[in-house]
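What follows is a short report on a single structure.
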Amino acid sequence: QVQLEESGGGLVQAGDSLRLSCAASGRTRSNYAMGWFRQAPGKEREFVATISWTGSTTYYADSVKGRFTISRDNAKNTVYLQMNTLKPEDTAVYYCAASPGVAGNVGRYDSWGQGTQVTVSS
């Protein structure tokens with residue numbers, strides 16, 4: 001079982017940037033895609049971004065397209081989410097997850113981190 005641990009969350013002002021990291025450990029596997037999701041209070045967990053094993057394929061939710069960038073360093077077993085021009089509506093707990101392939105559905109991901117809180121004040 002692979003363990004995922006997110007870091008980098010915090011409290012920022014609107015317009016600021018943050019970079020989240022997700023480190024994988026344990027029984028890491030090759031050829032898996034990674035995704036970022038978020039969940040705001042009282043809302044369902046929603047897709048943010050996903051990246052293929054090689055990094056050649058990425059997909060983003062419309063709400064973050066042009067502002068967020070997902071990337072990965074397989075040598076470090078780490079995936080990143082660079083978040084620019086943050087908005088108050090980006091406030092949520094952010095989770096990273098692993099999947100056999102790129103996907104936007106929560107159900108396609110079989111390993112999850114504990115999440116990191118991102119709060120954007122106006």
Side-chain angles (χ1 to χ4, degrees):
Q1 184 77 12
V2 61
Q3 286 83 45
L4 302 174
E5 183 174 5
E6 304 93 338
S7 62
L11 172 63
V12 297
Q13 293 185 331
D16 286 351
S17 298
L18 274 178
R19 189 178 81 156
L20 304 183
S21 299
C22 173
S25 61
R27 299 183 66 179
T28 57
R29 58 187 193 262
S30 60
N31 203 29
Y32 61 94
M34 293 294 295
W36 284 98
F37 290 77
R38 66 187 182 186
Q39 188 166 18
K43 295 187 177 181
E44 293 187 352
R45 192 167 298 188
E46 66 174 4
F47 167 74
V48 174
T50 185
I51 186 168
S52 62
W53 167 251
T54 63
S56 61
T57 302
T58 57
Y59 295 109
Y60 297 90
D62 288 343
S63 58
V64 307
K65 202 172 295 183
R67 300 188 298 122
F68 291 10
T69 303
I70 189 171
S71 62
R72 67 189 299 165
D73 184 340
N74 290 338
K76 296 181 179 180
N77 291 320
T78 301
V79 64
Y80 305 96
L81 185 68
Q82 178 66 44
M83 306 186 295
N84 298 330
T85 319
L86 283 161
K87 304 175 180 180
E89 51 263 44
D90 295 318
T91 295
V93 177
Y94 284 71
Y95 300 89
C96 68
S99 170
V102 290
N105 300 320
V106 169
R108 291 288 304 276
Y109 291 79
D110 51 22
S111 296
W112 291 83
Q114 294 300 306
T116 185
Q117 177 71 46
V118 172
T119 303
V120 185
S121 63
S122 57

According to salt bridge (charged side-chain N to carboxylate O under 4.0 Å, His left out), who are the partners of R67, at least two apart in sequence or on a separate chain? D90
Mark yes or no for whether T91, through its side chain, and V120, through its backbone, hold a donor-acceptor pair below 3.5 Å. yes
Roughly how far, to the nearest 0.5 Å, is the CZ atom of R38 from the CD atom of Q117? 12.0 Å
What's the separation between atom CD in Q13 and atom OG in S122, rounded to the nearest 0.5 Å? 9.5 Å
With a 4.5 Å cut-off on side-chain heavy-atom distances among I, L, V, M, F, W and Y, is there a chain of contacts connecting V106 to Y95? yes
How close do A14 and P88 get, counting heavy atoms only, and between which atoms? CB-CD, 4.1 Å
Calculate, to the nearest 0.5 Å, the distance between atoms OH and OG belonging to Y94 and S7 respectively. 15.0 Å
Strictly by ring pair (Phe, Tyr, Trp, His ring centres under 6.0 Å), give each pair with a member in residues 16-43 just once, sequence neighbours left out. Y32-W53, F37-F47, F37-Y109, F37-W112
Pairs touching residues 2-12 that satisfy salt bridge (charged side-chain N to carboxylate O under 4.0 Å, His left out), sequence neighbours left out: none
T50 (side chain) donor-acceptor with M34 (main chain) under 3.5 angstrom: yes
Under 3.5 Å, side chain of S56 to main-chain N/O of T54, donor-acceptor pair present? no
To the nearest 0.5 Å, what is the distance between CD on Q114 and SG on C96? 10.0 Å
Looking at Y80 and D73, would you say the former's side chain and the latter's main chain have a donor-acceptor pair under 3.5 Å? no
How far apart are the closest heavy atoms of I51 and S71, and which atoms are they? CD1-CA, 3.6 Å
Of all the heavy-atom pairs spanning S17 and N84, show the shortest one and how long it is. OG-OD1, 2.9 Å
I'd like to check F68 versus L18 (side-chain heavy atoms, cut-off strictly below 4.5 Å). Are they in contact? no
Membership question, hydrophobic clusters at under 4.5 Å side-chain separation (ILVMFWY): are V93 and I70 in the same one? no
Could you point out which residue of L81, V79, T116, T78 forms a side chain to side chain contact (heavy atoms under 4.5 Å, CB included) with C22? V79
K43 atom NZ: more than 12 heavy-atom contacts under 6.0 Å: no
Can you tell me how far the OG atom of S111 sits from the CG atom of L4, to the nearest 0.5 Å? 6.0 Å
Report the distance from atom CD of Q82 to atom CG of L20, rounding to the nearest 0.5 Å. 9.0 Å
Transitively linked via ILVMFWY side-chain contacts under 4.5 Å: V12 with M83? yes
